[in-house]
Amino acid sequence: MSLRLWLVRHGPTHAKAPVGWRDLPADLSDTAAVARLRAALPQGAALVSSDLSRAVTTGDALATGPRLSHMPALREINFGRWDGVPYDQLSGEDVGLARQFWDAPGDTAPPDGESWNEMASRVQGAIDALCDAHVEDLVIVAHFGAILSVVQRAAGIAPRAAFAFTLVPLSLSRVDFLGEDQWRIERVNHRP
């Protein structure tokens with residue numbers, strides 16, 4: 001039996017700089033888009049979100065079934081001191097480090113933040129626990145990096161290749177867990 005993971009990126013924050021663990025609200029004023037997304041999800045499915053408010057409120061707007069406890073492990077990558085700082089406002093050694101972080105994601109971490117690989121490991125642990133506990137359908141409301149790390153794992157690709165995917169706010173991706181670390185990607189960045 002497979003478990004279908006319905007991966008939803010939270011509503012837009014309209015931020016013009018990286019947003020990691022900074023707790024910005026989601027703009028859910030496009031009620032038609034929210035309604036279309038809710039209709040595209042399996043009715044009555046359990047829903048879990050990260051504990052950041054933009055994911056929590058998006059999940060609340062979409063839930064039609066049991067609402068599971070929020071999971072901090074599903075948070076966005078921790079940008080540390082870069083959170084909220086536009087790239088063109090970085091200075092000194094941060095410029096080179098940021099270039100390395102984005103051009104060759106993996107083990108490079110922002111100051112006081114985490115690397116892509118650290119974030120992916122954290123998210124994978126949460127996904128594994130959810131896969132062990134659920135069958136059929138599970139809606140997960142999370143963030144750009146968290147969702148792309150699931151896609152990366154399912155596709156068996158490098159972090160840089162995962163960045164080739166686009167994930168707009170309120171988009172829907174679906175990845176199926178088939179068991180024994182077997183995955184199938186059904187869609188990425190779908191806008192119902």
Side chain proximity check, [X] to [Y], heavy atoms < 4.5 angstrom:
X      : Y      : result
Arg75  : Asp51  : yes
Arg187 : Trp6   : yes
Leu170 : Leu28  : yes
Val48  : Leu130 : yes
Phe177 : Leu138 : no
Asp60  : Arg67  : yes
Pro111 : Asp94  : yes
Thr13  : Arg22  : no

Requested in this report: May I ask you to say whether Arg4 pairs ionically with Glu186, meaning some side-chain N is under 4.0 Å from a carboxylate O?
Outcome: no

Considering all heavy atoms of both residues, which atom of [X] and which atom of [Y] are nearest to each other, and what is their separation?
X      : Y      : value
Pro12  : Pro169 : N-CB, 3.5 Å
Asn78  : Arg122 : N-NH2, 4.5 Å
Arg153 : Ile127 : NH1-CG2, 4.3 Å
Trp183 : Cys131 : CH2-SG, 4.0 Å
Arg54  : Glu76  : NH2-CB, 4.0 Å
Thr64  : Pro42  : OG1-O, 3.9 Å

Quick check: does any side chain N or O of [X] sit under 3.5 Å from a backbone N or O of [Y], one acting as donor and the other as acceptor?
X      : Y      : answer
Gln152 : Arg160 : no
Asp27  : Ser29  : yes
Thr58  : Gly11  : yes

Report task. Measure the CG-CZ distance between Asp112 and Arg81 for me, rounded to the nearest 0.5 Å. Result -> 5.0 Å

Report summary line: Interatomic distance, CG@Leu5 vs CG@Asp137, rounded to 0.5 Å, equals 9.0 Å

Query raised in the report: Parallel under 30°, tilted from 30 to 60°, perpendicular over 60°: which one fits the rings of Phe163 and Trp116?
Result: perpendicular

Shared hydrophobic cluster for [X] and [Y] (ILVMFWY, side-chain gaps under 4.5 Å):
X      : Y      : answer
Leu41  : Ile185 : no
Leu167 : Val123 : yes
Phe79  : Phe144 : yes
Leu52  : Val141 : no

Query raised in the report: Of Val8, Leu172, Leu68, which is the lone residue that meets side chain to side chain contact (heavy atoms under 4.5 Å, CB included) with Val139?
Result: Val8

**Report entry** Trp102 ring center near Tyr87 ring center (under 6.0 Å)
**Finding:** no

Report task. Let me see the working for Thr166 and Asn189 under side chain to side chain donor-acceptor pair (under 3.5 Å), right down to the final yes or no. Result -> CA-CA 6 Å; Thr166 299; Asn189 195 42; 5.1 Å; no

Query - Side-chain H-bond candidate by donor/acceptor type, Ser115 with Asn117, under 3.5 Å - result: no

